[in-house]
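Remember, it's 1-based here, ligands and their atoms both numbered in the order they're listed.
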Amino acid sequence: MRNIVFGTDYYPEHWPRERWETDARMMREMGLDVVRMAEFSWAKMEPALGEFHFEWLDEAIAVLAKEGIVAVLGTPTAAPPAWICERDPEIEPMDENGQRLHFGGRHHDCQSNAAYREHCRRIVTAMAEHFKDNPNVVGWQIDNELGNSHDGLCFCPSCEARFREWLRARYGDIDSLNRAWGTAFWSQQYASFEQIHAPRRTVTGRNPSQALDWKRFTSDLVCDFSAFQVEILRRVTPDKFITHNMMGFAEKVDYRKLSEQYDFASHDQYPGGFFRPGEPDPAMGGAALDYIRSLKKAPFWLMEQQSAITGWQVLGRTPRPGQLGLWAAQTVAHGADTIVFFRWRSCAMGTEQYWHGILPHNGVPGRYHAELSAFIRRFKPLMEKTRGSMPRPETALLFSYDEAWAMGIQPHHPDLRYTGHLLTYYRALQKAHVPVDFVSAEEDYAGYRLLVAPLMYLMTPDLAARLRSFAEQGGTLVIDMRFGVKDGSNLAHTDVPLPGLAAEMCGMEITEFDCLRYGPVAVSWGSETYEGRLWADLIELKGAEALASYASEFYAGTPCVTRNRCGKGWVYYVGTEMDEPFADRLIAEAAASAGVAPLPFRMEGLECTLRQGDQGEFLFLLNHTDEAVSLPAEEGWRSALPDQGDVIPPYGAFVYTRA
Ligand code: GAL
């Protein structure tokens with residue numbers, strides 16, 4: 001297959017047929033190679049049961065193919081048509097109050113419902129059969145952003161029945177479940193699996209162990225919903241690729257498990273999305289991209305890259321001149337081989353009228369089109385060379401769905417967020433030009449020098465042993481607050497003092513803790529004073545050294561950050577959530593003791609990444625600020641793009657190479 005480098009999300013059915021040739025020509029002129037289509041077109045493809053109309057899509061594919069543009073088709077299962085809901089109303093999902101959510105938006109489907117599965121089987125099979133021999137359809141996207149829009153997924157009788165099956169398989173007998181869920185509390189014990197429901201709305205509180213299993217179950221259900229479509233497509237169209245557009249750190253589905261089904265991972269990235277308060281965050285953007293690359297440890301596709309101002313009922317800011325190109329460059333910098341821009345033309349109708357595309361409503365190219373065209377011209381030749389290359393970080397950040405879910409169920413402090421907390425470390429690593437991979441709780445950490453494992457609240461003996469052996473063999477391990485409080489069932493460990501299974505490797509014990517509901521605590525480290533936020537562990541040393549100590553509160557003078565020798569390596573423990581300068585200091589210390597080599601050009605506001613491959617090394621420099629930055633001379637690197645000087649403009653992206 002030829003290289004597919006750039007594309008756009010295209011909805012020909014929203015526009016008059018006469019416009020399609022113009023669109024296709026303009027796409028070719030812009031340098032686009034691919035479109036994604038049809039992921040919301042079920043009603044048009046099957047307006048009545050078994051009555052298929054693919055002729056319009058055949059025609060659109062043919063029009064695009066004339067301009068050399070190929071297609072990825074989405075299975076349309078995120079938006080079942082009205083006639084399906086009318087025929088089988090029980091496919092509509094139910095919320096925690098037992099209330100059905102109705103037709104009129106999207107994702108109004110229950111993924112366990114047998115009737116819905118049959119409808120999905122029919123449309124996916126029909127699409128696969130129809131397009132299997134079309135060489136211009138190169139691949140499939142399963143559904144659209146699985147797990148999106150379902151808060152807690154669906155609580156209907158079908159999902160409850162499936163939840164019970166899932167629990168039976170996990171626990172075998174009801175006594176084991178009672179133990180694992182701690183149902184002695186508040187008289188919650190069950191006599192049989194039949195008594196168990198989805199975590200419906202309760203009068204007060206909810207069993208955290210049940211809530212965690214529900215998260216695990218719903219994640220498995222989404223994976224199963226995808227797998228059954230994948231099975232059909234692999235059988236009927238084995239030569240076409242299969243992917244899915246994921247959403248970074250969205251936690252409805254375990255993307256590690258989900259992405260095992262696909263040929264490569266895809267992701268949707270909206271750095272200036274209206275739903276994000278404040279300025280676009282380069283750390284959030286970089287981390288999401290690193291996360292997606294880490295899923296399959298391979299280059300990925302960006303299936304929806306922001307191409308304009310965004311909004312639904314309210315709007316975000318318009319991207320400033322240069323930002324669209326900068327964000328797309330960031331995507332490449334972190335390992336994408338293909339970028340598909342969302343969307344081609346701003347839609348004149350429906351919920352997303354203000355989620356603009358490359359073209360405005362009137363279809364006449366403006367600034368977004370000009371900036372993205374310039375970006376494509378500049379980056380396309382380079383991306384022929386970076387294809388297949390990968391960052392090779394020496395540092396890993398551990399992201400675990402179990403931890404994210406358990407912290408979401410009991411966040412401790414109202415402002416504590418699992419991903420937000422991880423980002424305090426990521427941001428410091430990004431500023432220090434230390435590249436990062438994300439790892440799961442299950443894998444081998446041997447290839448890394450520095451492993452940062454924040455908020456490891458649930459801890460099993462196996463994971464604790466693997467973390468310890470990483471340090472013993474010479475790695476530097478950073479762990480922090482709430483380590484090892486609970487077991488895998490979300491029950492508190494009772495046999496060891498905190499930090500539980502890490503107490504020995506940390507050389508200290510936590511005697512007490514403080515939830516910082518009245519504001520931050522001061523922390524002094526040498527001559528500097530920083531802020532500890534949200535939480536404070538009170539630490540007693542048992543062999544470790546104190547690097548930083550609290551400087552306010554009744555525990556002033558007691559340790560906040562400790563370091564302990566563990567075999568050939570080090571274990572750092574941080575008893576709080578750090579403010580930015582504090583995290584910078586911690587990361588600088590930990591990276592130095594791990595012997596991690598930072599990338600060059602360390603300057604305020606500049607992000608730096610490195611991709612390495614057959615055609616050399618590529619160093620990306622991204623200026624996330626609105627000011628030009630003069631670059632120092634660095635030995636050995638030469639320009640990989642034609643128009644680079646020694647001043648990187650506001651929101652500019654430079655790439656250097658060496659063989
Ligand atoms: C994504 C979604 C698209 C579109 C876009 C803008 O999350 O996959 O279908 O809705 O956001 O809202």
Side-chain angles (χ1 to χ4, degrees), residues 7-14 34-45 71-81 104-109 111 139-151 222 225-226 229 243-253 255 258-259 262 265-276 280 284-285 288-289 291-292 300-319 324 327-328 331 336 338-361 368 372:
T8 187
D9 302 292
Y10 186 42
Y11 302 92
E13 70 274 28
H14 295 174
V34 68
V35 293
R36 182 200 60 184
M37 296 193 288
E39 79 281 7
F40 290 110
S41 313
W42 195 341
K44 183 130 177 110
M45 292 190 284
V72 174
L73 300 182
T75 66
T77 51
R106 62 176 169 181
H107 295 286
H108 42 273
D109 57 277
Q111 297 183 345
W140 300 100
Q141 171 189 293
I142 300 292
D143 201 278
N144 188 76
E145 293 186 340
L146 283 162
N148 190 2
S149 321
H150 284 94
D151 197 18
V222 173
F225 182 72
S226 167
Q229 298 193 25
T243 188
H244 174 67
N245 55 336
M246 295 181 262
M247 302 172 283
F249 296 107
E251 338 152 326
K252 298 274 173 63
V253 194
Y255 283 155
L258 185 68
S259 59
Y262 307 132
S266 298
H267 170 62
D268 296 347
Q269 178 98 339
Y270 294 101
F274 78 95
F275 47 85
R276 293 187 202 288
M284 182 69 220
L289 296 165
Y291 185 65
I292 295 294
F300 59 95
W301 277 40
L302 210 297
M303 200 57 99
E304 295 180 17
Q305 174 87 45
Q306 183 172 346
S307 66
I309 188 169
T310 67
W312 275 19
Q313 289 79 4
V314 295
L315 279 78
R317 279 203 66 160
T318 187
L324 291 174
W327 295 336
T331 295
T338 301
I339 299 185
V340 181
F341 292 99
F342 188 89
R343 49 190 291 152
W344 172 241
R345 180 167 172 187
S346 311
C347 192
M349 59 196 142
T351 307
E352 296 190 353
Q353 286 165 318
Y354 300 118
W355 202 287
H356 285 69
I358 299 170
L359 298 181
H361 286 131
Y368 306 140
L372 289 175

Contact table, ligand 1 N/O with protein N/O, distance under 3.5 Å:
unit_1, atom_1, unit_2, atom_2, d
ligand 1, 7 (O), E145, OE1, 2.5
ligand 1, 7 (O), E145, OE2, 2.7
ligand 1, 8 (O), N144, ND2, 2.8
ligand 1, 8 (O), E145, OE1, 3.3
ligand 1, 8 (O), E145, OE2, 3.2
ligand 1, 8 (O), E304, OE1, 3.1
ligand 1, 8 (O), E304, OE2, 2.7
ligand 1, 9 (O), R106, NH1, 2.9
ligand 1, 10 (O), R106, NH1, 3.1
ligand 1, 10 (O), R106, NH2, 2.8
ligand 1, 10 (O), E352, OE1, 3.2
ligand 1, 10 (O), E352, OE2, 2.3
ligand 1, 12 (O), W312, NE1, 3.0
ligand 1, 12 (O), E352, OE2, 2.9

Query raised in the report: Should R106 and E352 be marked as a salt bridge (charged side-chain N to carboxylate O under 4.0 Å, His left out) after you check the CA-CA gap, both sets of side-chain angles, and the distance that decides it?
Result: CA-CA 12 Å; R106 62 176 169 181; E352 296 190 353; 3.6 Å; yes

Query raised in the report: Is it true that E304 and R36 make a salt bridge, defined as a side-chain N closer than 4.0 Å to a carboxylate O?
Result: yes

Query - Contacts of A43 that satisfy side-chain contact (heavy atoms from CB on, under 4.5 Å) - sequence neighbours left out - result: P81

Query raised in the report: Side-chain donor-acceptor pair under 3.5 Å between S346 and Y354, yes or no?
Result: no

Report summary line: When M45, M37, E39 are each screened for side chain to side chain contact (heavy atoms under 4.5 Å, CB included) with S41, the one that passes is M45

**Report entry** Shortest non-hydrogen contact between G357 and A308, atoms and distance
**Finding:** O-CB, 3.3 Å

